[in-house]
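Proteins get letters first, then strands, A, B, ... in listed order; numbering begins at 1 in each.
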Number of protein chains: 2
Amino acid sequence: MRGTYLGELEELVLLSVAALVDSAYAVAVRAEIEGRANRKVNISAIHASLYRLEDKGFLDSHMGEATNKRGGKSKRIFTVTTYGYKTLKEAQTVRQSFWGSIPQLSAQK
Amino acid sequence: MRGTYLGELEELVLLSVAALVDSAYAVAVRAEIEGRANRKVNISAIHASLYRLEDKGFLDSHMGEATNKRGGKSKRIFTVTTYGYKTLKEAQTVRQSFWGSIPQLSAQK
DNA sequence: GATTTTATTTACAAAAGTGTTGATAAAAAC
DNA sequence: GTTTTTATCAACACTTTTGTAAATAAAATC
């Protein structure tokens with residue numbers, strides 16, 4: 001029941017972290033989502049989502065190193081756990097099972 | 001923003017209605033979900049979800065005919081609207097875009 | 001060292017989704 | 001006509017997700 005499901009934003013955040021591999025931090029995740037899904041997201045909403053996903057065991061995190069760019073303070077880097085990856089994949093597999101039995105041609109009326 | 005997103009259950013309900021074509025009513029939808037996603041759902045939760053999806057414009061409904069089976073009172077039949085189908089498809093397209101850039105082999109550690 | 005920029009963190013508020021209960025209804029069976 | 005079965009509907013409560021605001025911190029630039 002409650003706790004293992006992903007919210008819509010949470011799933012996008014998790015997918016972004018997976019796609020960004022070892023350079024996933026809040027700002028990059030936000031850019032990733034705004035680029036792929038056509039949607040504005042508040043940076044604090046991203047942070048809140050990242051922390052929640054970590055609490056749930058879908059993500060791990062560690063502090064990265066500071067860069068020599070102005071304002072380049074160190075970032076918190078997130079990575080997808082095995083459990084997170086499994087959850088993501090299962091959600092997608094279930095949906096694909098449904099799509100497999102939807103008569104798409106007649107549906108696109 | 002708020003209003004156009006699908007909850008996790010809502011998406012499964014919408015996909016079920018699509019897959020069931022012209023025989024989608026609450027009980028059948030529930031069976032469909034319990035069969036494909038490995039998950040128990042309260043029948044009233046299905047009803048609530050169906051009504052909400054209709055309010056949002058993702059579903060249409062009409063009363064079907066009674067059958068000559070014991071307890072076979074007429075069912076409310078739901079169908080996916082063009083808008084609902086479009087929403088469903090877009091959500092899936094966005095996710096597939098992410099999956100396309102996830103290095104899956106190294107991720108399945 | 002004051003300012004600007006990038007970034008995190010915490011706490012709270014608001015919105016949305018999900019679940020539960022109880023009432024009602026209509027059909028066939030007895 | 002009472003019972004059993006299948007089904008809808010409505011109201012409410014609960015939980016979770018999402019968004020916002022304010023505080024803090026660390027880097028480079030000036």
- Given atom CD1 of B:Ile46 and atom C1' of D:dT6, what is their separation to the nearest angstrom? 16 Å
- Message: Any donor-acceptor pair under 3.5 Å linking the side-chain atoms of B:Glu10 with those of B:Ser49?
- Response: no
- Whole-Å distance, B:Arg52 CZ to D:dT17 C1', equals 13 Å
- Quick note, A:Tyr25 side chain, CB onward, closest among C:dG17, C:dG19, C:dT8 is C:dT8
- Starting from P on D:dT18, measure out to CD1 on A:Ile43 and report it in whole angstrom. 15 Å
- Within the structure, does a side-chain N or O atom of B:Arg76 lie under 4.0 Å from either OP1 or OP2 of D:dC9? yes
- Query: Below 4.0 angstrom from OP1 or OP2 of D:dT8, is there any side-chain N or O of B:His47?
  - Reply: yes
- So, for B:Phe58 and B:Tyr83, is the gap between ring centers shorter than 6.0 Å? yes
- Query: Parallel, tilted or perpendicular: which describes the rings of A:Tyr51 and A:Phe78, with under 30° parallel and over 60° perpendicular?
  - Reply: tilted
- Cluster question for you: counting only ILVMFWY and a side-chain heavy-atom cut-off of under 4.5 Å, with indirect links fine, are B:Ile77 and B:Ile43 together? yes
- Nearest-nucleotide check on DNA chain D, B:Tyr51 vs A:Glu10; residue mapping nearer the 5' end is B:Tyr51
- Task: With a 4.0 Å heavy-atom cut-off, tell me which residues in residues 60-74 of chain B come close to DNA chain D, sorted by residue number.
- Result: B:Arg70, B:Gly71, B:Lys73
- Is the distance from OP1 or OP2 of C:dG17 to the nearest side-chain N or O of B:Lys56 less than 4.0 Å? yes
- Message: On DNA chain D, compare the nucleotides closest to A:Glu8 and B:Lys75; which residue's is nearer the 5' end?
- Response: B:Lys75
- May I have the distance from B:Arg30 (atom CZ) to C:dT20 (atom C1'), rounded to whole angstrom? 13 Å
- Query: Would you say A:Asn42 reaches D:dG19's phosphate, i.e. side-chain N/O to OP1/OP2 under 4.0 Å?
  - Reply: no
- Within the modelled atom types, does a donor on one side and an acceptor on the other bring the side chain of B:Ser44 and the base of C:dT21 under 3.5 Å apart? yes
- Message: Around atom CG of B:Asp55, are there more than 12 heavy atoms from other residues, nucleotides or ligands closer than 6.0 Å?
- Response: yes
- Rounded to whole Å, the CG-P distance (A:Leu53 to D:dT17) equals 9 Å
- Can you check the A:Ile77 CD1 to C:dT9 P distance for me, whole Å? 11 Å
- For the pair made of CG in A:Asp55 and C1' in D:dT17, what is the distance, rounded to whole Å? 13 Å
- Query: Can you check whether A:Leu14 reaches A:Thr87 side chain to side chain, under 4.5 Å on heavy atoms?
  - Reply: no
- Task: Using a strict cut-off of less than 4.0 Å between a Lys/Arg side-chain nitrogen and an Asp/Glu carboxylate oxygen, indicate whether B:Arg95 and B:Glu11 qualify as a salt bridge.
- Result: yes
